[in-house]
Amino acid sequence: MYKLDTIISLAKRRGFVFQSSEIYGGLNGCWDYGPLGVELLLNLKDSWWKAMTFRDDVEGIDASILMHPRTWEASGHTKQFSDPMIDNKTSKSRHRADNLIEEFIEKMRKKKKTELADEIEAALANCEENSDYHDIIMKYEIKDPISGTMDWTEVRNFNLMFKTFVGPVEDTGSTVFLRPESAQGIFVNFKNVMETARQKVPFGIAQIGKAFRNEINTKNFLFRTREFEQMEMQYFCKPGTEFEWFDYWKERRWNWYQELGMRPEKMRWKDHDKLAHYANKATDIEFEFPFGWGEIEGIHSRTDFDLRSHFEHSNKKMEYVDTVNKDRFIPYVVETSGGVSRGLMAFLCNAYEEEKVIDEKGKEEVRTVLRFHPKLAPVTVAVFPLVNKDGMPEKAHPIYKDLQQHFKAQYDTSGAIGRRYRRQDEIGTPFCVTVDGQTLEDNTVTVRERDTMQQERVSVDKLKTYLFDKMTK
RNA sequence: GCGGGAGUAGCUCAAUUGGUAGAGCAUCAGCCUUCCAAGCUGAGGGUUGCGGGUUCGAGUCUCGUCUCCCGCUCCA
């Protein structure tokens, strides 16, 4: 197990990930993808997109990040994602102000102070502003259960949703939110997609996009950030069939990671003990990061909670009508929801290896290598002239320009050949093509594979086909 | 948010009781190099995270702040 610091260090040094706004001291928990990082990111998303949508029963969409505020009332986020918090300065403990007051009311009831309890309960029900909670706490002298003091801060609203406003004037009527999950963009488009794509239940809608949560704190590099990208699919099915589809998508999603080279011993299932308000079954795929096991994707059976709630809030029918079997119902939903950056980070950790190799003098040295699957690797092929003279660059450069039409390719003439191989190992390039003396005679090059360091001689004419075969193998 | 630790070139680190900010690697240019990195020559790169204060003088002392790491808290 390698340290996360080591991997972050490589990621920064080679241009995978930079800290956001670095020249201004950085912004907490925000990261930028560099030249290699963005290639890896796009490869990851492309691979997911193809796996999910290159089939008969899944369509894609790309919904906007800003949505009608009532979306979040329907989804439950307005209520669930906003808490009035208060801190006690003596004990340094944090409480939800409403919970604190409720506990106090309970205590009063036990002491048979019913009148007082009723009075506070009525006041609590009328709370609108944070200061209202604070007033109650101060008025009835509610003490911190830990320190027993009244050393309270102001009540502050901890809203997990990022708020902004539409139009030039900031007032309450113009408030909108950055979506805290991309799923709602799919649910509100359920009918649009079903009708225009002429789909019948069961079918799914896939989407890749950013979402935002104003987390209390960020952590572990790309693992917990306030701005993040999700790649997710909502699969609409007939009520009663949801657990079959749940199992089906569990298997599909697990296999996707495996097919891209994720090591099985680094992955595990983690069933949810406590289900969210919308779910009747939920499980996560976890990856063993250097800091421990962490969720990279969730498979959730969301019932008809979302569609039903949108029906109730919008008064637009979210039904599916089966004209053949004379059946109509609000579909149940099975969701597969993966974090893009988490996935990228998992594949990065999965690929990183410091391999011990023996050099020609018999001395042991370390080869740092990223063993990415060829489909994920930011650079697929690098082309070198063995030496930078004797007509080799003149031969090698056109080969590179040709490969560049089909693959992300690099060309390097600088330094000894071994050094150039190692540079490519460190960024995970699976294939290196070298032009040598023999190339000038018979038009063949050597293709060196990253993992085995073995070389094979291939005719220049067949190079493209050779590489394509290797990638899809 | 709390507690602890850290921040000097892209990276790893130096810099005497406060006294001219350096080295190696990396990068770039040139040379060398005929298959697994670190051979030669030269160059670029820093208002020491940022902002105040003390001082003739601050990388060093001091206050604030930002960021990262570890632990707690949080993670519908």
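Below, each value reflects all heavy atoms present in this structure, side chains not excepted, and no hydrogens, waters or symmetry copies. Naming convention: chains lettered A, B, ... in sequence-line order (proteins, then strands); numbering from 1 in each chain.
For A:Phe468 and A:Phe407, the ring centers are positioned less than 6.0 Å apart. A centroid separation of less than 6.0 Å is found between the aromatic rings of A:Phe223 and A:Phe289.
At most 12 heavy atoms of other shown residues, nucleotides or ligands fall within 6.0 angstrom of atom NZ in A:Lys408.
Rounded to whole Å, the C1' atom of B:rA26 lies 13 Å from the corresponding atom of B:rG44. Taking atom C1' in both B:rC63 and B:rC56, the straight-line distance is 22 Å, to the nearest Å. Comparing the same atom, P, in B:rA58 and in B:rU16 gives a spacing of 16 Å after rounding to whole Å. On the P atoms, B:rC25 is 36 Å away from B:rU62, given to the nearest whole Å. Rounded to whole Å, the C1' atom of B:rA23 lies 29 Å from the corresponding atom of B:rC66. B:rU60 sits 15 Å from B:rU54 when the P atoms are compared, rounded to a whole Å. On the P atoms, B:rG3 is 12 Å away from B:rG64, given to the nearest whole Å. The separation of B:rU73 from B:rU47, taken at their P atoms, amounts to 41 Å, rounded to a whole angstrom.
For A:Glu181 against B:rA76, a side-chain N or O and a base N or O form a donor-acceptor pair under 3.5 Å. Remark: the A:Arg448 side chain and the B:rC36 base include a donor-acceptor N/O pair separated by less than 3.5 Å. Looking at A:Tyr278, its side chain comes within 3.5 Å of the base of B:rA76 through a donor and an acceptor atom.
For the pair A:Arg13 and A:Asp425, nearest-nucleotide mapping onto RNA chain B gives the more 5' position to A:Arg13.
Counting any heavy atom pair closer than 4.0 Å across all strands shown, A:Arg420 reaches no nucleic acid atom. Within 4.0 Å of A:Ser75, counting heavy atoms only, lies no atom of the nucleic acid at all.
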Quick one: what's the B/S/- string for nucleotides 66-71 of chain B, heavy-atom cutoff under 4.0 Å, read 5' to 3'?
SSSSS-
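Using a cut-off of 4.0 Å between Lys/Arg side-chain N and Asp/Glu carboxylate O, A:Arg448 and A:Asp425 are scored as salt-bridged.
Just one residue in the list A:Phe431, A:Tyr421, A:Tyr411 forms a ring-ring contact (aromatic ring centres under 6.0 Å, His included) with A:Phe384, and that residue is A:Tyr421.
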Report each atom pair, protein N/O against N/O of nucleotides 25-32 of chain B, whose distance is under 3.5 angstrom.
unit_1	atom_1	unit_2	atom_2	d
B:rA26	OP1	A:Arg419	NH2	2.6
B:rU27	OP1	A:Arg423	NE	3.3
B:rU27	OP1	A:Arg423	NH2	3.4

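Figure legend: A:Lys270 and A:Trp293 shown without cation-pi pairing, the cationic atom not lying both under 6.0 angstrom from the six-membered ring centre and within 45 degrees of its axis.
Here A:Glu353 pairs with A:Arg371 under the salt bridge (Lys or Arg N to Asp or Glu O under 4.0 Å) rule; sequence neighbours left out.
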